[in-house]
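Note on naming: letters A, B, ... go to the chains in the order of the sequence lines (proteins, then strands), and numbering restarts at 1 for each one.
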There are 2 protein chains.
Amino acid sequence: MSEGESCGCCSSSTVTSDTDHTCYCPVDGIIDTISKKHALPIVSVLGSNGPTRYNELEEVLGVTSSSLLSTRLNELMSEGLIERQSFDEIPPRVEYLLTPDGEELERRLKPLLEWADEA
Amino acid sequence: MSEGESCGCCSSSTVTSDTDHTCYCPVDGIIDTISKKHALPIVSVLGSNGPTRYNELEEVLGVTSSSLLSTRLNELMSEGLIERQSFDEIPPRVEYLLTPDGEELERRLKPLLEWADEA
DNA sequence: CAGCATCCGAACCGATACTG
DNA sequence: CAGTATCGGTTCGGATGCTG
């Protein structure tokens, strides 16, 4: 979805909204990112388990191909939702964790996911 | 995503979670549905505007092709999130509205979208 | 007005293989 | 252990055209 493209959702057209009217149309950026496979689970797992290693994520999420997880992690980093922390050790160790933004997301996501799970 | 496929997310594996541990892995069904294009805006618009006609939705969402909206509406109906109400009039009138489940979803969605919008 | 059928290009996912 | 590169299959979205 391209940015700044007026969708008419916010302008008062035929749809009469006298109450609160927030625009949810250009839901790009974060929403797009978290709509992809494993993105939500990643955020959730990091939220409940804290810093987690690459391999742990692979196992826990039941990820099918390593490259997919890699892509998703990079996207989440680009959005500033997660952070990568690498340690100079042998064998190499890398941990992923939520940024403050990611934590805020997780907080607002939780009620939704809890409900979606049982429904 | 196929159902009932154990992802290992819920079993206590290498990931140590002593705190609350809810499983968010099999986020199928509703999450899948609302992850598709226009689904979220549809729910939001119906939430703030109440019953809305097909054409109004097309305008408001800036939908590109009519068939896409049609598909999305059917999916949301299958999930029991929205409801279709048709009137025997000429010209024909059809309105879509949230079911109780849809309203609950909208409630839980709102804080997320409000935050995502400004971020 | 409301909505489906179809066709085509784009995006996404999964598997395999290969590096630091 | 922690990734990237590549490629084929599948799914999704956009455009057009046609019905009740």
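One interatomic measurement links the two molecules: CD of E56(A) to C1' of dA2(D), which rounds to 13 Å at whole-angstrom precision. One atom, CG of N55(A), and another, C1' of dC1(D), lie 6 Å apart when rounded to the nearest Å. Going from atom CG of L69(A) over to atom P of dC13(C) covers 12 Å, rounded to whole Å. Distance, I42(B) CD1 to dG3(C) C1': 14 Å, rounded to whole Å. The nearest whole Å value for the distance from the CG atom in L73(B) to the P atom in dG13(D) is 13 Å. With rounding to whole Å, D32(A) atom CG is found 13 Å from dG13(D) atom C1'. Atom pair H38(B):NE2 and dG13(D):P shows a separation of 9 Å (rounding to whole Å applied). L68(B) has its CG atom 17 Å from the P atom of dA10(C), to the nearest Å.
For K37(A), the side-chain atoms get nearest to dC13(C) when compared with the rest of dC13(C), dG3(D), dA15(D). Checking dC13(C), dG14(D), dA2(D) against the side-chain heavy atoms of S65(B) singles out dG14(D) as nearest.
For the atom pair CD (E104(B)) and CG (L109(B)), the distance works out to 11.0 Å, reported to the nearest 0.5 Å. Taking CD of E103(A) as the reference point, atom CD1 of I82(A) lies at 13.0 Å (rounded to 0.5 Å).
Taking the nucleotide of DNA chain D with the nearest heavy atom to each of R72(B) and S66(B), the more 5' of the two is matched to R72(B).
The stretch residues 74-97 of chain B touches DNA chain D through P92(B), each having a heavy atom under 4.0 angstrom from the strand.
Without hydrogens or angle criteria, Y96(A) side chain to I42(A) main chain gives no donor-acceptor distance under 3.5 Å.
Here T64(B) lies in heavy-atom contact (under 4.0 Å) with sugar-phosphate atoms only.
The nearest pair of heavy atoms linking S44(B) to E106(B) is O-OE2, 4.3 Å.
Contact between the side-chain N/O atoms of K36(B) and the OP1/OP2 oxygens of dG13(D) is not found at any separation under 4.0 Å. For dA2(D), the OP1/OP2 oxygens have a side-chain nitrogen or oxygen of R53(A) closer than 4.0 Å.
Between E56(B) and R53(B) no salt bridge is recorded (no basic side-chain N to carboxylate O distance below 4.0 Å).
When hydrophobic clusters are built by joining Ile, Leu, Val, Met, Phe, Trp and Tyr residues whose side-chain heavy atoms come closer than 4.5 Å, directly or via intermediates, W115(B) is grouped together with I34(B).
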Checklist entry - Going through the distances and angles, do L113(B) and I31(A) end up as a side-chain contact (heavy atoms from CB on, under 4.5 Å)? => result CA-CA 8 Å; L113(B) 294 177; I31(A) 299 290; 3.8 Å; yes
